[in-house]
Amino acid sequence: MTQNCNADVIAINTIRTLSIDAIEKANSGHPGLPMGAAPMSYVLWNRFLNVDPKNPQWPNRDRFILSAGHGSMLIYSLLHLAGYDLPMEEIKNFRQWGSKTPGHPEFGHTVGVETTTGPLGQGTANAVGMAIAERMLAGKFNKDGFNIVDHYTYVLAGDGCLMEGISGEAASLAGHLKLGKLIMLYDSNDISLDGPTSISFTENVAMRYESFGWQVITVEDGDNDVASIEKAIAKAKAETEKPSLLIIKTTIGFGSPNKQGSSGAHGAPLGKEEIKLTKKNLNWNYEEDFFVPEEAKSKFSEIEKRGSVLRNSWNETMSKYKEAYPELYKQFYQFLTLEINADLDTVLPTFKTGENIASRSSSHKVMNALPEAADWFIGGDADLSCSTQTFLKGLGDFTAENPTGKNIRFGVREHAMAAIANGIAFHGGLKPFTGTFFSFVDYMRPSIRLAALCKIPVVFIFTHDSVAVGEDGPTHQPIEQLMSIRSMPGLIVLRPADANEVREAWKFIATYNDGPIVLVLSRQNIPTIDRTVYKSERSLKMGGYVLADSQMPQAIIIGTGAETGLALKAYEELKAEGIKTRVVSMPSWELFDKQSREYKEAVLPPDLDCRVSIEAGSTFGWMKYTGPYSINIGVDHFGTSAPGNTVLERFGITVENVKKSVKELLSNR
């Protein structure tokens, strides 16, 4: 397995040896992928990838995603060698507490990492989102002689990534949209953790991707044939009408005499003796661990030199662009910062007292007014927009022929839809939304979790939020979904009570860019609350607020979403009977929990412990706010097929049940 020790080979082996040294020191990690994928990664970074390591956020940089995130030492080695601010101390601190080199790449934690990966297949779908964002922004801002948005998205995926269904969903859409600037390097080594992929994965990947509408190129010797890898990437870049899949045949753990080509190289350190044998096998004649030869330094310095030249040229182009198109120049940076350019109170509609309107419908009206203040707002739906009403009317569909359309037709691909939206947000310059029925949040949960982990601004809209869906039955009636999604750290869930709370929810969404938001909306009509009688909806931003009150209330009724109206009716009828209550609207647990102790106790006084909650879903978790002396009205079983009002009544989601529960608590005092 002797190789010619030219500068390219030394640079490639530097990636390999840095990776295995770091994994050995940590006594943890995945050496197989960095060793096998080092040649393709080196060629891509050294010859093609346009990035500026000293200015890692340069807007027109190429994006590189390591979808097979378990091979994280590959990207850490590349970032270090290319000149990013990732010093050798961090390479040596791989997988340790507080290091910048965690076990899987983390967006926002390690400079140069474009997306968090690890759950296999996510990175492939994120890459589709990034390519969509590039195409959209290019369509908006590029003019003759001014290609200010002009870059590629590269993703390195493994066998496991392509086994995951999310990759197929995303690739199918990418082919349909003809995303020619999307290039996937497939590290095809025929090995997964449990053994050879032949035990479970024998499909013809090339034929599958060709059927998706991709260009497919195969490199038979990805271990040694640098020239063929270079030609394959060049050919992929030349194809502008199709995304490209480069099937690069490699040997997992390449260079390891006893472990290469086997699952033994996948997920455990090689061991000190095997590392010695491996380095000898690679003609690595340096005794020092973590060693970077001068030849490798010289080769990798070309990345920074090329990137600096390209960025400076881009800056010069932007100066001329500013003169030629001053308004577009201003808008470009507004897009990058997601800046609001109009008064939301003026732009967004308000709703009349008593107006009966489903929150999915009021949301449609509000979100369609939003682009006037936020032209960067785009998104799409999983083939349900006629029902969820999550589309931007009159703003066109994003297609291969119409890159300025603001509506993405995702098709019935919920999991990929969420991950693609994440990719759009990771790219920057656009704020995406998605839409589907709430019961399908379970198809999207892994991607929503990553959005929360990465603190990216994605809006996940879910309609048909309860058993009030009715005749479609238990498969489409959410029960545990609301509570389960609330349990996710870093996620804000909004379930507005009426149309004007919906308006306030969208005001919050438009200006909140520190993480994802889930907006939960009703199918059934909800009466618009009289805010001249009850408290203003502007307190939605507090998460929970006193909506209706009495002097010296005897009990508190807490509601969310459509059930808040039932709480108000119960309040009025109890008042007529001489029973004094307080109604709290709590559209967001997460926002309420962020408030001061003083505020929370003013809304829910500790000494007022007679409390009833009403929400058409699981009651799990409500005692956090209602306490032990309470009744929590909800649905702790699956639904049934019947008209929505019938289901609500039979399950006790009624004014009468609220009144009965308050009286029961008071009678037992």
For this session: For salt bridge (charged side-chain N to carboxylate O under 4.0 Å, His left out), just list the numbers for D514 and K455, CA-CA rounded to whole Å, side-chain angles, deciding distance to a tenth of an Å, and then say yes or no.
Result: CA-CA 6 Å; D514 295 329; K455 302 179 181 178; over 6 Å; no
Exercise. Between E302 and K305, is a salt bridge (charged side-chain N to carboxylate O under 4.0 Å, His left out) present by the stated rule, with each step listed?
Worked result: CA-CA 5 Å; E302 295 170 13; K305 291 174 184 176; over 6 Å; no
Problem set entry | Stepwise side-chain contact (heavy atoms from CB on, under 4.5 Å) test for S41 and L78 | CA-CA 8 Å; S41 305; L78 290 165; 3.8 Å; yes
Exercise. Given E203 and R208, is the salt bridge (charged side-chain N to carboxylate O under 4.0 Å, His left out) satisfied, shown in steps?
Worked result: CA-CA 8 Å; E203 67 185 46; R208 176 156 66 100; 2.5 Å; yes
For this session: Test side-chain contact (heavy atoms from CB on, under 4.5 Å) on F433 and I378 and set out the steps.
Result: CA-CA 6 Å; F433 68 86; I378 60 95; 5.6 Å; no
Problem set entry | Steps toward side-chain contact (heavy atoms from CB on, under 4.5 Å) verdict (R47, D8) | CA-CA 11 Å; R47 310 279 206 271; D8 284 339; 3.0 Å; yes
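Ring planes of H266 and H70: tilted class, angle from 30 to 60°. Using the six-membered ring where Trp is involved, Y443 and F440 have ring planes that are parallel, under 30° apart on the 30 and 60° scheme. Between F107 and F426, the two ring planes are perpendicular [angle over 60°; tilted spans 30° to 60°].
The shortest non-hydrogen separation linking N13 to L282 is ND2-O, 3.4 Å. For the residue pair A138 and V149, the shortest heavy atom distance occurs at CB-O, 3.6 Å. Nearest heavy atoms, A127 versus T153: O-CG2, 3.6 Å. Looking at every heavy atom in both residues, I217 comes nearest to A232 through CD1-O, 3.6 Å. Scanning both residues, T117 and L66, for their nearest heavy atoms gives OG1-O, 2.7 Å. Heavy atoms only, all atoms of each residue included: G129 and I424 are closest at O-CG1, 3.3 Å.
Proximity of T434 to V459: side-chain heavy atoms (C-beta onward) are nowhere separated by under 4.5 Å. Using a 4.5 Å heavy-atom threshold, the side chains of I247 and Y209 count as separate. Within the 4.5 Å cutoff, the side chain of P432 has heavy atoms near those of the V458 side chain. Proximity of M163 to T197: side-chain heavy atoms (C-beta onward) are separated by under 4.5 Å at one or more points. No side-chain heavy atom of K181 sits less than 4.5 Å from a side-chain heavy atom of R135.
Side-chain N or O atoms of S172 include none that pairs as donor or acceptor with a backbone N or O of G168 at under 3.5 Å. At least one donor-acceptor pair under 3.5 Å links the side chain of R413 to the backbone N or O of E169. Looking at S228, its side chain never comes within 3.5 Å of a backbone N or O of D225 through a donor-acceptor pair. The closest donor-acceptor contact from the side chain of N46 to the backbone of Y42 lies at 3.5 Å or more, if one exists at all. E24 contributes a side-chain N or O that, together with a main-chain N or O of G271, makes up a donor-acceptor pair within less than 3.5 Å. The backbone N or O of H151 sits less than 3.5 Å from a side-chain atom of E134, completing a donor-acceptor pair. Judged by distance alone, with hydrogens and angles left aside, the side-chain atoms of S19 form no donor-acceptor pair with the main-chain N or O of P31 at under 3.5 Å. Between the side chain of D62 and the backbone N or O of N50 there is at least one donor-acceptor pair closer than 3.5 Å. S487 places a side-chain N or O within 3.5 Å of a backbone atom of S484 that can act as its donor or acceptor partner. For N6 (side chain) and V9 (main-chain N/O), a donor-acceptor pair under 3.5 Å exists by modelled atom type.
Remark: aromatic rings of W45 and F300 are distant, center separation not under 6.0 Å. Taking the centre of each ring, W284 and Y286 come in below the 6.0 Å mark. Here the two rings, on H109 and H104, have centers that are 6.0 Å apart or farther.
Within a 6.0 Å radius of CZ in R449, no more than 12 heavy atoms belonging to other residues, nucleotides or ligands are found. In E287, the CD atom is not crowded: 12 or fewer heavy atoms of neighbouring residues, nucleotides or ligands sit closer than 6.0 Å.
Between the side chains of S244 and E239, not a single donor N or O lies within less than 3.5 Å of an accepting N or O. Defined by atom type and a distance below 3.5 Å, a donor-acceptor pair is missing between the side-chain atoms of Q122 and S67. Judged by distance alone, the side chains of S447 and N422 never bring a donor and an acceptor atom under 3.5 Å apart. Judged purely by distance below 3.5 Å, without hydrogens or angles, the side chains of K25 and N93 never pair a donor atom with an acceptor atom.
Distance check, rounded to the nearest 0.5 Å: CZ of R16 to NZ of K279 gives 13.5 Å. Of the inter-residue distances, the one linking T14 atom OG1 with E295 atom CD reads 8.5 Å to the nearest 0.5 angstrom.
For the pair K237 and Y152, the cation-pi criterion (under 6.0 Å, within 45° of the ring axis) is fulfilled.
Of the residues D223, D221, D190, T218, the one that meets the side chain to side chain donor-acceptor pair (under 3.5 Å) test with K249 is D190.
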